[in-house]
Amino acid sequence: MRAGILIDAGPLVAYLSARERYHEWAVDAFAALDPPAVTCEAVLSEACFLLLRNGLPASLVLDYALESEMRIDLRLEREMEAIRALMRRYANVPMSLADACLVRMAETTGLPICTLDHDFAIYRVGRRRSLTLITPEPRALHEP
(Lines give C-alpha, C1' and ligand atoms only; values in the text may rest on other atoms or scores of the structure.)
Protein backbone atom coordinates (compact mmCIF):
# COMPACT_ATOMS: atom_id res chain seq x y z
CA MET A 1 0.00 0.00 0.00
CA ARG A 2 1.27 3.47 -0.90
CA ALA A 3 0.44 6.38 1.41
CA GLY A 4 -0.02 9.76 -0.18
CA ILE A 5 -0.63 10.18 -3.88
CA LEU A 6 -1.79 12.95 -6.17
CA ILE A 7 -4.73 12.03 -8.42
CA ASP A 8 -5.25 13.42 -11.93
CA ALA A 9 -8.62 13.61 -13.70
CA GLY A 10 -7.98 10.69 -16.10
CA PRO A 11 -7.65 7.95 -13.48
CA LEU A 12 -10.54 9.44 -11.50
CA VAL A 13 -12.83 9.33 -14.54
CA ALA A 14 -11.61 5.84 -15.44
CA TYR A 15 -12.34 4.67 -11.90
CA LEU A 16 -15.87 6.12 -11.96
CA SER A 17 -16.83 4.94 -15.45
CA ALA A 18 -16.86 1.23 -16.29
CA ARG A 19 -16.92 2.21 -19.99
CA GLU A 20 -13.48 3.80 -19.80
CA ARG A 21 -10.52 1.96 -21.32
CA TYR A 22 -8.47 2.07 -18.12
CA HIS A 23 -11.32 1.33 -15.70
CA GLU A 24 -9.91 -1.97 -14.42
CA TRP A 25 -6.43 -0.48 -14.05
CA ALA A 26 -7.84 2.49 -12.10
CA VAL A 27 -9.88 0.24 -9.81
CA ASP A 28 -6.76 -1.83 -9.05
CA ALA A 29 -4.56 1.27 -8.61
CA PHE A 30 -7.03 2.99 -6.27
CA ALA A 31 -7.45 -0.21 -4.25
CA ALA A 32 -3.70 -0.24 -3.60
CA LEU A 33 -3.73 3.30 -2.14
CA ASP A 34 -4.03 4.31 1.46
CA PRO A 35 -6.71 7.01 1.65
CA PRO A 36 -7.00 9.86 1.44
CA ALA A 37 -5.92 10.61 -2.09
CA VAL A 38 -4.92 14.22 -2.74
CA THR A 39 -5.99 16.44 -5.62
CA CYS A 40 -7.04 20.00 -6.40
CA GLU A 41 -10.18 21.80 -7.50
CA ALA A 42 -8.95 22.17 -11.10
CA VAL A 43 -8.65 18.38 -11.39
CA LEU A 44 -12.12 17.87 -9.93
CA SER A 45 -13.53 20.40 -12.40
CA GLU A 46 -11.83 18.65 -15.32
CA ALA A 47 -13.10 15.25 -14.14
CA CYS A 48 -16.66 16.61 -13.85
CA PHE A 49 -16.46 17.95 -17.41
CA LEU A 50 -15.14 14.64 -18.74
CA LEU A 51 -17.88 12.63 -17.02
CA LEU A 52 -20.56 14.95 -18.38
CA ARG A 53 -19.09 14.65 -21.86
CA ASN A 54 -19.35 10.87 -21.50
CA GLY A 55 -23.02 11.03 -20.48
CA LEU A 56 -22.52 10.49 -16.75
CA PRO A 57 -23.49 12.84 -13.93
CA ALA A 58 -20.70 15.18 -12.85
CA SER A 59 -21.80 14.70 -9.25
CA LEU A 60 -20.15 11.25 -9.30
CA VAL A 61 -16.82 13.04 -8.87
CA LEU A 62 -17.99 14.81 -5.73
CA ASP A 63 -19.65 11.64 -4.44
CA TYR A 64 -16.33 9.84 -4.73
CA ALA A 65 -14.39 12.73 -3.18
CA LEU A 66 -16.72 12.79 -0.19
CA GLU A 67 -16.94 9.01 0.26
CA SER A 68 -13.21 8.46 -0.07
CA GLU A 69 -12.31 11.46 2.10
CA MET A 70 -10.21 12.83 -0.75
CA ARG A 71 -8.13 15.81 0.31
CA ILE A 72 -8.23 19.02 -1.74
CA ASP A 73 -4.79 20.43 -1.14
CA LEU A 74 -3.96 23.51 -3.17
CA ARG A 75 -4.76 27.17 -2.68
CA LEU A 76 -4.58 28.60 -6.18
CA GLU A 77 -4.51 32.13 -4.81
CA ARG A 78 -1.28 31.35 -2.92
CA GLU A 79 0.33 29.32 -5.72
CA MET A 80 -0.80 31.35 -8.74
CA GLU A 81 2.60 32.83 -9.60
CA ALA A 82 4.34 29.44 -9.51
CA ILE A 83 1.51 27.84 -11.51
CA ARG A 84 1.59 30.64 -14.08
CA ALA A 85 5.36 30.13 -14.44
CA LEU A 86 4.81 26.41 -15.09
CA MET A 87 2.11 27.11 -17.68
CA ARG A 88 4.41 29.56 -19.45
CA ARG A 89 7.37 27.16 -19.33
CA TYR A 90 5.29 24.38 -20.90
CA ALA A 91 3.17 26.55 -23.23
CA ASN A 92 4.35 24.46 -26.19
CA VAL A 93 2.76 21.28 -24.72
CA PRO A 94 0.33 23.12 -23.75
CA MET A 95 -0.07 22.65 -20.00
CA SER A 96 -3.59 22.85 -18.57
CA LEU A 97 -4.38 24.51 -15.27
CA ALA A 98 -5.08 21.11 -13.71
CA ASP A 99 -1.73 19.74 -14.88
CA ALA A 100 0.11 22.82 -13.62
CA CYS A 101 -1.59 22.51 -10.24
CA LEU A 102 -0.59 18.85 -9.94
CA VAL A 103 3.01 19.57 -10.93
CA ARG A 104 3.13 22.36 -8.34
CA MET A 105 1.67 20.02 -5.72
CA ALA A 106 4.30 17.41 -6.61
CA GLU A 107 6.99 20.09 -6.20
CA THR A 108 5.76 21.08 -2.76
CA THR A 109 4.86 17.62 -1.40
CA GLY A 110 7.15 15.18 -3.22
CA LEU A 111 4.15 12.90 -3.81
CA PRO A 112 3.77 10.79 -6.98
CA ILE A 113 1.07 11.59 -9.53
CA CYS A 114 -1.43 8.96 -10.66
CA THR A 115 -2.24 9.89 -14.26
CA LEU A 116 -3.12 8.64 -17.72
CA ASP A 117 -1.65 11.75 -19.36
CA HIS A 118 1.73 11.15 -21.02
CA ASP A 119 2.52 14.89 -20.85
CA PHE A 120 3.54 14.37 -17.23
CA ALA A 121 6.62 12.51 -18.51
CA ILE A 122 7.73 15.84 -20.05
CA TYR A 123 7.18 18.01 -16.98
CA ARG A 124 10.00 18.53 -14.51
CA VAL A 125 10.29 19.51 -10.87
CA GLY A 126 12.73 22.36 -10.50
CA ARG A 127 13.48 22.17 -14.26
CA ARG A 128 15.54 18.98 -13.89
CA ARG A 129 13.96 16.16 -11.89
CA SER A 130 11.34 13.91 -13.47
CA LEU A 131 8.06 13.47 -11.67
CA THR A 132 7.28 10.17 -9.99
CA LEU A 133 4.31 8.79 -11.91
CA ILE A 134 1.85 5.97 -11.41
CA THR A 135 0.49 5.03 -14.83
CA PRO A 136 -0.59 1.97 -16.76
CA GLU A 137 2.13 0.37 -18.86
CA PRO A 138 3.72 3.21 -20.89
CA ARG A 139 2.97 1.51 -24.22
CA ALA A 140 -0.71 1.29 -23.33
CA LEU A 141 -0.97 5.07 -23.12
CA HIS A 142 0.07 5.42 -26.76
CA GLU A 143 -2.00 2.62 -28.27
CA PRO A 144 -5.11 3.56 -30.28
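Values reported hereafter were calculated over all heavy atoms of this structure, with side chains retained and with hydrogens, waters and symmetry mates removed.
Minimum heavy-atom separation, Leu131 to Phe120: CD1-O, 3.7 Å. Between Leu86 and Ala100, the shortest heavy-atom contact is CD1-O, 3.6 Å. In plain terms, the two heavy atoms of Val103 and Tyr123 that are nearest each other are CG2-CD1, 3.6 Å. Closest approach of Ala106 to Ile113, counting heavy atoms only: CB-CD1, 4.0 Å. Between Cys40 and Met105 the shortest heavy-atom distance is CB-SD, 3.8 Å. Summarising the geometry of Trp25 relative to Thr135, their closest heavy-atom pair is CZ2-C, 3.4 Å, with the distance given to 0.1 Å.
With rounding to the nearest 0.5 angstrom, the CG atom of Leu116 is 11.0 Å from the CG atom of Leu133. One finds the OG1 atom of Thr115 at 7.5 Å from the CG atom of Leu102 (value rounded to the nearest 0.5 Å). In this structure, the separation between CZ on Arg84 and CE on Met80 is 9.0 Å, given to the nearest 0.5 Å.
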Test log, rule side-chain contact (heavy atoms from CB on, under 4.5 Å), inputs Asp99 and Asp117 | CA-CA 9 Å; Asp99 287 3; Asp117 185 346; 3.1 Å; yes

side-chain contact (heavy atoms from CB on, under 4.5 Å) evaluation trace for Val38 with Ile5 = CA-CA 6 Å; Val38 182; Ile5 190 165; over 6 Å; no

List the atom pairs, with distances to 0.1 Å, where a side-chain N or O of residues 42-57 and a protein N or O form a donor-acceptor pair under 3.5 Å, not counting sequence neighbours.
from  : atom 1 : to    : atom 2 : distance (Å)
Asn54 : ND2    : Glu20 : OE2    : 3.1
Asn54 : ND2    : Leu50 : O      : 3.1

Show the atom names and distances, to 0.1 Å, of all donor-acceptor pairs under 3.5 Å that link a side chain in residues 62-70 to residues at least two apart or in another chain.
from  : atom 1 : to    : atom 2 : distance (Å)
Ser68 : OG     : Tyr64 : O      : 2.8
Ser68 : OG     : Met70 : N      : 3.4

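With sequence neighbours excluded, no residue satisfies salt bridge (charged side-chain N to carboxylate O under 4.0 Å, His left out) with Arg128.
A heavy-atom distance below 4.5 Å is not found between the side chains of Pro11 and Tyr22. Annotation: side chain of Met87 is in contact with side chain of Leu97 (closest heavy-atom distance under 4.5 Å). Side-chain atoms of Pro112 and Leu6, non-hydrogen and from C-beta on, never get closer than 4.5 Å to each other.
Other residues, nucleotides and ligands contribute only 12 or fewer heavy atoms inside 6.0 Å of the CD atom of Glu41.
Tyr90 contributes a side-chain N or O that, together with a main-chain N or O of Arg124, makes up a donor-acceptor pair within less than 3.5 Å. Not a single donor-acceptor pair under 3.5 Å links the side chain of Thr39 to the backbone N or O of Ile72. Judged by distance alone, with hydrogens and angles left aside, the side-chain atoms of Ser17 form no donor-acceptor pair with the main-chain N or O of Ala14 at under 3.5 Å.
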